[in-house]
Participant: 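Sharing a structure here in structure tokens format.
Quick note on labels: first sequence line is chain A, next is B, and so on, each numbered from 1.
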Protein chains: 2
Amino acid sequence: MSVGMALDEIFPGGTFPANCPSRVVLDHVTSKWGVLVLVALERRTLRWGELRRAVEGISEKMLAQTLKTFEADGLVVREALPVIPPHVEYSLTPLGAELVTLLRPLLLWTLENAETMLGRPLNRP
Amino acid sequence: MSVGMALDEIFPGGTFPANCPSRVVLDHVTSKWGVLVLVALERRTLRWGELRRAVEGISEKMLAQTLKTFEADGLVVREALPVIPPHVEYSLTPLGAELVTLLRPLLLWTLENAETMLGRPLNRP
DNA sequence: CAGAATCCTATACGATACTG
DNA sequence: CAGTATCGTATAGGATTCTG
């Protein structure tokens, strides 16, 4: 199965089955904060606080939940340094890095087209 | 702004601002049924009923809501033939087709990796 | 600093019934 | 056939407080 493959080679008739496990993974990735958290980690390892500031508006609860899901999925690794005060770093696994390769263009596309699509100006830093 | 561009060239400091309009677009695309509906339309125009069957498990309410959002966003066009019984076709706009170019690889990636990530077998047709 | 635990609410979503 | 309207619920998500 290659990435260039047509979808109906995989799903004959072009039907996406309801009980396909990939739905779960898709739900994780497309969860409210999923894309932003993963892409935020693309450039480098980030600490909890950095990540929280990088993804503006995310609550602590959602950051924790999103990270745990991705950790369980094998997309993100958590490394806690045994120091006081605590120092915890999050980074992408190779699998996560591979996924972000697909997510960054998507994020960039929304940036390029949001203004046109919504008919109002972009808020740029 | 090109697709290959690094994100911190756009968001210096690697911070994703909370009030950026692209968040809205991202929410539409990553809505529960967004990716599946858009990718289902990649190959050809589909009628309401075909679309409903293609995306297994979607309710009529959510199909309607998802399609309306995408229509307003300029990603999908609705064409109603003035016949009885009604015959309505949905297809991608050029903008929508461009977006699906980015979404199909994402969907394929989840298909390839879901089994490994979740530790259980894929349900294939 | 990096969370966990609680509580609370909006709304996303589904099921059902109805219609031109 | 292609929807809309209504209702009900689950749960995603936020705000706040607490802690090692």
Participant: Could you please spell out the steps behind the side chain to side chain contact (heavy atoms under 4.5 Å, CB included) verdict for Leu51(A) and Leu67(A)?
Facilitator: CA-CA 10 Å; Leu51(A) 206 36; Leu67(A) 286 171; 3.9 Å; yes
Participant: Has Ile84(A) got more than 12 heavy atoms of other residues, nucleotides or ligands less than 6.0 Å from its CD1?
Facilitator: no
Participant: Any chance you could measure Leu41(B), atom CG, to Leu92(B), atom CG, to the nearest 0.5 Å?
Facilitator: 5.0 Å
Participant: Go through residues 47-63 of chain A and report each residue with a non-hydrogen atom lying under 4.0 Å from DNA chain C, sorted by number.
Facilitator: Arg47(A), Trp48(A), Gly49(A), Glu60(A), Lys61(A)
Participant: Check whether Thr15(A) reaches the backbone of Phe11(A) with its side chain - one donor and one acceptor, N or O, closer than 3.5 Å.
Facilitator: no
Participant: With rounding to the nearest 0.5 Å, note down the distance linking CD in Glu112(B) to CE in Met117(B).
Facilitator: 12.5 Å
Participant: Can you tell me how far the CG atom of Leu111(A) sits from the CZ atom of Phe16(B), to the nearest 0.5 Å?
Facilitator: 8.5 Å
Participant: Using the heavy-atom set of chain A and a strict 4.0 Å cut-off, write down the first and last nucleotide of DNA chain C that makes it in, 5' to 3'.
Facilitator: dC1(C) to dC7(C)
Participant: Which residues in residues 67-88 of chain B have a heavy atom closer than 4.0 Å to any atom of DNA chain C?
Facilitator: Pro86(B)
Participant: A side-chain contact here means heavy atoms from C-beta on lying under 4.5 Å apart; do Thr93(B) and Phe70(B) qualify?
Facilitator: no
Participant: Under a 4.0 Å heavy-atom cut-off, which of residues 33-44 of chain B touch DNA chain C?
Facilitator: Trp33(B)
Participant: For the helix from dC1(C)-dG20(D) to dG20(C)-dC1(D), what angle lies between the axis at the first five pairs and the axis at the last five pairs, to 10 degrees?
Facilitator: 50°
Participant: Tell me, please, the opening and closing nucleotides of DNA chain D, 5' to 3', among those with an atom under 4.0 angstrom from a non-hydrogen atom of chain B.
Facilitator: dC1(D) to dC7(D)
Participant: Nearest heavy-atom pair of Glu56(A) and Arg53(A): which atoms, and what distance?
Facilitator: CG-O, 3.8 Å
Participant: Rounded to the nearest 0.5 Å, what's the gap from OG on Ser31(A) to CE on Met62(A)? Could you check?
Facilitator: 6.5 Å
Participant: When rounded to the nearest 0.5 angstrom, what is the spacing between CG in Leu99(A) and CZ in Arg104(A)?
Facilitator: 12.0 Å
Participant: Compare every heavy atom of Ala40(A) with every heavy atom of Ala54(A), then report the nearest pair and how far apart it is.
Facilitator: CB-CB, 4.4 Å
Participant: Give me the one residue out of Leu106(A), Leu102(A), Thr30(A) that meets side-chain contact (heavy atoms from CB on, under 4.5 Å) with Leu103(B).
Facilitator: Leu106(A)
Participant: Are any non-hydrogen side-chain atoms of Tyr90(A) and Glu50(A) less than 4.5 angstrom apart?
Facilitator: no
Participant: For residues Gln65(A) and Lys32(A), determine if any side-chain heavy atom of one lies less than 4.5 Å from a side-chain heavy atom of the other.
Facilitator: no
Participant: Report yes if some heavy atom in the side chain of Thr110(A) is under 4.5 Å from a heavy atom in the side chain of Leu107(A); otherwise report no.
Facilitator: yes
Participant: How about Thr66(A) and Leu38(A): do any of their side-chain heavy atoms sit closer than 4.5 Å?
Facilitator: no
Participant: Can you measure from CG (Asn113(B)) to CG (Leu118(B)) and round to the nearest 0.5 angstrom?
Facilitator: 10.0 Å
